[in-house]
2 protein chains.
Amino acid sequence: MAALALNHLLENWKIALRQQGYRVTRPRLQVMEIIVSSETPLKPQDIYQLSLDLESPPGIASIYRTLEMLDDLGLIQQIHQPGGCHAIWPAVEGHKHLLICSSCGQMRVIEGNEDIEDYINKIEEQTGYHVKDHWLQLFGTCQNCS
Amino acid sequence: MAALALNHLLENWKIALRQQGYRVTRPRLQVMEIIVSSETPLKPQDIYQLSLDLESPPGIASIYRTLEMLDDLGLIQQIHQPGGCHAIWPAVEGHKHLLICSSCGQMRVIEGNEDIEDYINKIEEQTGYHVKDHWLQLFGTCQNCS
DNA sequence: ATTGATAATGATAATTATTATCAATAAGGG
DNA sequence: CCCTTATTGATAATAATTATCATTATCAAT
Ligand SMILES: [Zn+2]
Ligand SMILES: [Zn+2]
Ligand SMILES: [Zn+2]
Ligand SMILES: [Zn+2]
């Protein structure tokens, strides 16, 4: 992702914090910067390990607290993968599908979900269920890893 | 699920164990019976709680060991849900989609996955990724819960 | 049916991840 | 700059999972 877009995202997050009455503190900024700078979804322990390179790293408790706050604000989302489901990623607007490289972990967000609406409608007719949400994730290899 | 189908599944599991050199023991049978009899995906701790009603329940360690064995044999699969991802369910033949009631937890397996192949092909062309696998899960309410 | 090699079990200790506690610190409005 | 109080860091507590090991039970071979 371009550095400009990263800063823009981070600025939006800071605005969101202040609007909701959260203070913008150094530990929170450290965690948020690690998240928005990452190419791959990160687990809490990943963030903790990365933070140890910083001059004055946040405590592990603050990392968990910041993640809980970001989740409450809807700014991050959980990513489910065969290897585990505790990794997070900046939340995307509306509903999107995920494309994950099984080799390098790189993740892309796919626009346009109307394509499978027909399929969902058919399932609703067949089963009598009322479908309110869906998860679609594609796993494979990116161009670099092929 | 019909009791006949449950017994059939359990018999197949026992055959699979013996074929792979695993012994068929009482703790393993107790765990497997709980799994195949359930209407909803179960977490390890769910199985442990249910097992406490039995005359001579298995130790918690044997429950985890049995789940690991069943997973190694490909007989169970992990189910991902918003509330957590540690629940398991008997593995289905080939690739299927999942339909889960957010209210009662009941789960159905949807046949026929060729419907979204066009969508996946389109994504591959757009992104250059080679998609090898995908997860599609639908969440909503079943007829009973509506 | 009995035996025997050894896989499997149960009880529990150890580990790992996450959450709660609380005195000390620092953000930010006035 | 000061003051209120949200937040932090250190650490204790909790919860889930895994490892350890002496004892037990499976099942193939007699
Ligand atoms: Zn998951
Ligand atoms: Zn890749
Ligand atoms: Zn239901
Ligand atoms: Zn599918």
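Values in this document were obtained by computation on a predicted structure and should not be read as measured data. Just so it is clear: chains get the letters A, B, ... in the order the sequence lines come, proteins before strands, and each one is counted from 1.
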Which residue lies more 5' along DNA chain C, comparing B/R23 with B/A61 via nearest heavy atoms: B/R23
Using OP1 and OP2 only, check whether a side-chain N or O of B/S62 sits under 4.0 Å from C/dG10. yes
Under 4.0 Å between a side-chain N or O of A/T25 and OP1 or OP2 of D/dA6? no
Between [X] ([atom1]) and [N] ([atom2]), how many Å, whole number?
| X | N | atom1 | atom2 | value |
| --- | --- | --- | --- | --- |
| B/H86 | C/dA17 | NE2 | C1' | 10 Å |
| A/I60 | C/dT16 | CD1 | P | 14 Å |
| A/R28 | D/dA6 | CZ | P | 11 Å |
| A/Y22 | C/dG28 | OH | P | 14 Å |
| A/R26 | D/dT8 | CZ | P | 11 Å |
| A/Q30 | D/dT7 | CD | C1' | 14 Å |
| B/I15 | D/dC27 | CD1 | P | 14 Å |
| A/L42 | C/dA17 | CG | P | 15 Å |

Distance from B/Q126 atom CD to A/R108 atom CZ, nearest 0.5 Å? 8.5 Å
At what distance, to the nearest 0.5 angstrom, does CG of B/L136 lie from CD1 of B/I116? 5.0 Å
Please confirm whether A/W135 and A/H80 have ring centers closer than 6.0 angstrom. yes
Residue mapping more 5' on DNA chain D - nearest nucleotide basis, B/V24 or B/Y64: B/Y64
By nearest heavy atom, map B/P44 and A/P57 onto DNA chain D; which one lands nearer the 5' end? A/P57
Taking the side chain of B/R18 as its heavy atoms from C-beta onward, which of C/dG10, D/dC27, D/dT8 lies nearest to it? D/dC27
Checking D/dG9, C/dT18, C/dA27 against the side chain of A/P27 (C-beta onward), the nearest is D/dG9
With hydrogens left out and only the distance checked, is there a donor-acceptor pair under 3.5 Å joining A/R65's side chain and the base of D/dG9? yes
Counting only Watson-Crick or G-U wobble pairs whose two distances fall under 3.5 Å, which nucleotide matches D/dA29? C/dT2
Are a donor atom and an acceptor atom from the side chains of A/R28 and A/S62 found within less than 3.5 Å of each other? no
Between A/L73 and A/W13, is there a side-chain heavy-atom distance shorter than 4.5 Å? no
